[in-house]
Structures are given as structure tokens and as C-alpha cells.
Novice: 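This is the structure I want to talk about, given as C-alpha cells.
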Amino acid sequence: MLAKRASLAELAGEQWDLIVIGGGITGAGVLLEAARQGRKALLLEQQDFAWGTSSRSSKMVHGGLRYIAQGEVRLTRDALRERERLLRDLPGLVERAQYLFPLRDGRFPGRWPMTAVLSLYDFLAGIRDHRFVPRAEVLMRVPGLDAAGLNGAMSYTDALTDDCRLVVRCLLEAARLGGRSLNYARATGISTDNGRARVDVTDLESGESLTLNAGAVINATGAWANRLGGAGQRIRPLRGSHLFVDPARLPVADCLTLINPRDDRPVFVFPWEGVTCIGTTDLDHGDSLDQEARASGAEVDYLLELINGQFPEVNLGREDILSTMAGVRPVIASGDGKDPSKERRDHAVWEENGVVTVSGGKLTTFRLIALDALCAAGLLAPREARRARRSNAPLFRPLPDVPEQVDQFLHGVQDDEALLRWMLTHEAVVHLDDLLLRRTRLGLLRRDGGAGLAELLRSLTGELLGWDGPRWDQEWARYEAIRERFYGVPPADLDRAAA
């Protein structure tokens, strides 16, 4: 298990085969695959695990229908095959979900183009589960959906997950195989000489700074890759924002793919961990990467406008929003200034001054991205990587002696005391926001942000983490400030800029 954080002094005494910088899904995947290959590997994350993009995605393990339309058939095929593998290996954390794509008069695509695309989609996945849904059935399954011009819908399946829990699950699996990880540890410099690397690291909790030695370094910092990866500005940070709303106001049982008439972009509306999620937007992110991303008033307007157009009697407003969430995608820039939504979503691996950098790609293909990065770092032979890509061996084993909700998280009771105890003991919780925004999602799912649990959490953190009264007060104030500023509901933007 992740358990208690190691000190830098302890880690500096080791000779590492690999140091991975970045604790999102890509870095966690690299650590897991390196540990699976028997490498002595360490992961460093400057914030909490999954603090960045990997706790703020659209929660979908999918192939990406629009990537087929963009000609990225290979990316879609790889993603669909990995989707099926994760569905098999992580039931309860990755689960198949029914999607509906409403079809309307005069709107592209129509039934037959969608049938063709979905036939290819299913073929690439090795399944067949798409069908046409008649208009009457659509209106029964989606109460309140605008009936004007509705012809029916195409039904297909993809999968949903909790992205942050997927990262933590990879770290737990890597730990079982000998991989180590440390959050709140910032890599401040990297030097290489004669096939060895030196990584200068500062522990942001203790203030201690030391140098760690490794045979190879992989920079998996996502949107931050330009800082450590060299080779110019290869990453185009794109922000995507979501709304979490009270399901009593917008109840949905299926995942809806809705086209926003403002810009013809697809937006998803789906049930997730007891709430309704709406997203995402897609626009260039110009804010500092060193602070948490947050949704703008214009993005909230954009998503509410779509919902109230598609559900004309709902009249959803800001008061119905429980929380917002914004993430920054590390998209590989094409350099031609194209529409953000038309940028490619595949990954890139490059080497500069002895450091291998990997960025871009999809949540679903994290394992394949990791294998490519290990090959580039010389830690995995191409033949072994090809064998690993084709292997059908299980990637995860059930965790022993854990509360059921850890592996069955999508259906777990997140305020269960046994679950909270286990997380505080075994999942490297350093701050209260780690627990309420990432190990669990209570800060997003509850209107009070978890305030009703304050006394229980005060008691548990005192018992298990040794927090006294002043430390608890400090942590609660920190958490409330973070939640209000970065996960709250921004006011309407008067210019109503496109999102």
C-alpha cells in the first residue's frame, strides 16, 4: 500500500532504475508497467496524486467516436481494446454504460451515417451492441428531452470510471510489485551524465531538498511537460469544464451525447456517482498551470444554455449546480492554430538531453502510452513491448483485506467510516482536500462539501494522522478555500464568450 510518506533521505539512499516525474494517469501507468517488468522505480508528484488533469477528465473510458471522424482509426482501435481490457480487469471501477445519440431533422449526422460509424466502432472493439432507438422509446428513457424534430436515437456503449481512483488503483498495484511513489515532492532540476541521471527534489511538506540518482528519467507531467521536456512548446493546454448538478433537477439514466448548436461540439450528460455530470468545454487555457484550473462564467453559461435548449422545461440554473470542475488537457500542438476541438488526441514521446518526455493521449490508453515511454527510455525492448501490448494477462489483482468500496468504488458509500479509515491509513493522504476531492469525491457530490462529516473527519484524522486541533482548523480552512475558489460556481459572464 502507499501508506506513510517516505522521507527524501530514505529514497536518496537507493539506486533507482527509473524515476517517473508526474503522478497523473500517465505517470502512474509508467510506474506500474516498470514495476511489472521488475524495474526499481520511483514516482514523484509535485502536488497530490491525480491533482491535475487525471482527476478532472470526463470520466470516460472510451474509444472516441469523433476520433473516427477525424481519421484517427488506429487511436480509436487501441482505445477500444484497452476499454474492453479495463472492463474485464476492474469491475466496479470501470463499468460499461449505455449511450444515446439523439437524431433530429436537418441535423448531421443522421441515422445511416451514425449506423456506419457505430458499426466500425463495434468492429474495432470486437463487440456488437449498437442499435437504432425509436422516438417513443427515447422520450420514455429521457423524460423532458425536447421532442421537436426528434427522429429517434442511436444507442451504443462505452464505459465510465472515476479517473482519480483509477490513478490510485495503478499506484496501489505498482506498490504491490515494489514500485514507490511520493506526493508533494517537486523535481526542480534534472542532469544526465554517462547514462545516469540526477534529479533534484524538494519535499514541499518538510522543506527538505536532496538529489536522487537513477538510470533513467521519464517526464510524465502532462500539461507541465514543456518545463522539463525541452524541445520548445510542444504542448497546447486546453481546458475542459464540467458541472455537477442535483439529479432531482436533471435525472438521466443513460449517457446522452448532445450537440451544442452554438459550435456543433458534442457535450455529454450522464449519471456519475449519484449526481448528473454535464461536460465538457474545449478552449485554450491561458491561466497559470501552478494554480488549479477553474471553470469560467462563460463556460457555465455555455453548458446551461445547451441543457435548457435540449430540456426546455427544466430551466436549469446556477442554483442547481452542486460544484464545477475544470481540467487542463495536455494536447500535442499541431502548430497551425486550429480549432482546439480538432487537435489530435494521440500521444507523443521524445527525448531531450537524456530525459524522455511523454505527453498527450487518452485516459483509456494509459497502458500503451507507458509501454512506448519505457521503450524510449531503453527499459523495455520493442519485442517485449509488442508482446505486452498483445498480452491478455490480467493487469490488476483484487486488493486483499480492503473495504469492498475500494474496488467497487462506483457503487461505494463514500462516507463509510471503514473506507475513510482505510484511505487515511493506506493512500498517502497529506491534506484534507486530498481526501475530500480526490480519494473520495464528497467535496464535489455534496452541496455542503462534506461539512456534515466534519466531526467524524476531525476524529479520524486525529486518530490516524495525528492532527491536533490547530492542524484540523488549518486543514478545514484550506479545503474550504480551495473548494470555493476552484470548484464553486462562478457568476455569469456578461460577454457570454464561446466555450
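A quick note: this is a predicted structure, and the numbers were derived from the prediction, not measured.
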Novice: Looking only at side-chain N and O atoms, does R77 offer a donor or acceptor that is under 3.5 Å from a partner on Y67?
Specialist: no
Novice: For the CZ atom on R198, are there more than 12 heavy atoms of other groups (residues, nucleotides or ligands in this structure) within a distance under 6.0 Å?
Specialist: no
Novice: Verify the distance criterion only: is there a donor paired with an acceptor across the side chains of E273 and Q414 at less than 3.5 Å?
Specialist: yes
Novice: Sequence neighbours left out, what pairs pass side chain to side chain donor-acceptor pair (under 3.5 Å) with at least one residue falling in residues 16-44?
Specialist: E14-K40, E33-R36
Novice: Can you say whether the rings of W224 and W51 are parallel (under 30°), tilted (30 to 60°) or perpendicular (over 60°)?
Specialist: tilted
Novice: So for atom CD, which belongs to E205, do other residues, nucleotides or ligands contribute more than 12 heavy atoms lying within a distance under 6.0 Å?
Specialist: yes
Novice: Rounded to the nearest 0.5 Å, how far apart are NE2 of H347 and CG of D372?
Specialist: 4.0 Å
Novice: Between R439 (side chain only) and E427 (backbone N and O only), is there a donor and an acceptor less than 3.5 Å apart?
Specialist: yes
Novice: Rounded to the nearest 0.5 Å, what separation is found between the OG1 atom of T440 and the CG atom of L437?
Specialist: 7.5 Å
Novice: Please determine whether side chain to side chain contact (heavy atoms under 4.5 Å, CB included) holds for the pair F270 and T276, giving the CA-CA distance in whole Å, both sets of side-chain angles, and the decisive distance to 0.1 Å.
Specialist: CA-CA 6 Å; F270 57 96; T276 299; over 6 Å; no
Novice: Is there a donor-acceptor pair closer than 3.5 Å between any side-chain N or O of T281 and the backbone N or O of S241?
Specialist: yes
Novice: Between S288 and Q291, does any side-chain donor sit less than 3.5 Å from a side-chain acceptor?
Specialist: no
Novice: Say you draw a straight line from CD of E352 to CG of N219; how long is it, rounded to the nearest 0.5 Å?
Specialist: 11.5 Å
Novice: Which residues pass the ring-ring contact (aromatic ring centres under 6.0 Å, His included) test with Y184, not counting sequence neighbours?
Specialist: H431
Novice: Among R438, R483, R441, exactly one meets salt bridge (charged side-chain N to carboxylate O under 4.0 Å, His left out) together with D433. Which residue is that?
Specialist: R438
Novice: With heavy-atom distances below 4.5 Å as the criterion, would you say the side chains of F49 and L43 are in contact?
Specialist: yes
Novice: Write down the atom of A373, the atom of V356, and the distance for their closest heavy-atom approach.
Specialist: O-CG1, 4.1 Å
Novice: So, S55 side chain and A50 main chain: donor-acceptor pair closer than 3.5 Å or not?
Specialist: yes
Novice: For S391 and R387, indicate whether the former's side chain and the latter's backbone hold a donor-acceptor pair under 3.5 Å.
Specialist: no
Novice: Indicate yes or no for a side-chain donor-acceptor contact from Q405 to the backbone of Q408 under 3.5 Å, with no hydrogens or angles considered.
Specialist: no
Novice: Heavy-atom distance under 4.5 Å between the side chains of E475 and L435, does that happen here?
Specialist: no
Novice: Can you tell me if T364 and H62 form a side-chain donor-acceptor pair at under 3.5 Å?
Specialist: no
Novice: How far does CG of L160 sit from CE of M60, to the nearest 0.5 angstrom?
Specialist: 6.0 Å
Novice: Do you know which two heavy atoms are closest between F244 and C277, and how far apart they sit?
Specialist: CE2-SG, 3.7 Å
Novice: Decide whether R329 and T280 meet the rule of one side-chain donor and one side-chain acceptor closer than 3.5 Å.
Specialist: yes
Novice: Quick one: does any side-chain atom of R5 pair with a main-chain N or O of L182 as donor and acceptor, under 3.5 Å?
Specialist: no
Novice: Does R74 CZ have over 12 foreign heavy atoms under 6.0 Å away?
Specialist: no
Novice: Taking the side chain as every heavy atom from C-beta outward, state whether R165 and V406 have any atom pair closer than 4.5 Å.
Specialist: yes
Novice: Could you please spell out the steps behind the salt bridge (Lys or Arg N to Asp or Glu O under 4.0 Å) verdict for E72 and K362?
Specialist: CA-CA 13 Å; E72 300 186 48; K362 292 166 54 61; over 6 Å; no
Novice: Without hydrogens or angle criteria, can the side chains of T365 and D78 be said to hold a donor-acceptor pair below 3.5 Å?
Specialist: no
Novice: Donor-acceptor check, side chain of T192 to backbone of A197, threshold 3.5 angstrom: yes or no?
Specialist: no
Novice: D193: what forms a side chain to side chain contact (heavy atoms under 4.5 Å, CB included) with it, not counting sequence neighbours?
Specialist: none
Novice: Can you tell if the side chain of C170 reaches within under 4.5 Å of the side chain of L31, non-hydrogen atoms only?
Specialist: no
Novice: For the side chain of Y121 and the backbone of G64, is there at least one donor-acceptor N/O pair under 3.5 Å apart?
Specialist: yes
Novice: Starting at CG of D416, measure out to CH2 of W422 and round the result to the nearest 0.5 Å.
Specialist: 13.5 Å
Novice: With rounding to the nearest 0.5 Å, note down the distance linking CH2 in W272 to OG1 in T161.
Specialist: 9.0 Å
Novice: How close do L444 and Y487 get, heavy atom to heavy atom, and via which atoms?
Specialist: CD2-CD2, 3.4 Å
Novice: Of all heavy-atom pairs between R176 and P398, which one has the smallest distance, and what is that distance?
Specialist: NH1-O, 3.3 Å
Novice: Would you check if V201 and L11 make a side-chain contact, meaning some heavy-atom pair closer than 4.5 Å?
Specialist: no
Novice: For D473, give me all partners under side-chain hydrogen bond (donor to acceptor under 3.5 Å, both in side chains), at least two apart in sequence or on another chain.
Specialist: none
Novice: With a 4.0 Å cut-off, would you call R421 and E463 a salt bridge?
Specialist: yes
Novice: Are V429 and D48 packed together at the side-chain level, in the sense that at least one heavy-atom pair is separated by less than 4.5 angstrom?
Specialist: no
Novice: For D290, what residues pass the side-chain hydrogen bond (donor to acceptor under 3.5 Å, both in side chains) criterion, not counting sequence neighbours?
Specialist: R227
Novice: For R169, enumerate each residue passing the side-chain hydrogen bond (donor to acceptor under 3.5 Å, both in side chains) test, keeping only those at least two apart in sequence or located in another chain.
Specialist: E173, D407
Novice: What pair of heavy atoms forms the shortest contact from A34 to L18, and how long is it?
Specialist: CB-CD2, 3.8 Å
Novice: Is E84 paired with R81 through a side-chain N to carboxylate O contact shorter than 4.0 Å?
Specialist: no
Novice: Which atom names give the shortest non-hydrogen contact between D346 and I332, and what distance separates them?
Specialist: O-CG1, 3.8 Å
Novice: Donor-acceptor pair, distance only, cut-off 3.5 Å: does the side chain of D163 make one with the backbone of R56?
Specialist: yes
Novice: Find out whether L456 and L420 are in side-chain contact, i.e. whether some heavy atom of one side chain is under 4.5 Å from a heavy atom of the other.
Specialist: yes
Novice: Ignoring hydrogens and geometry, is there a side-chain-to-backbone donor-acceptor pair from W472 to G462 under 3.5 Å?
Specialist: no
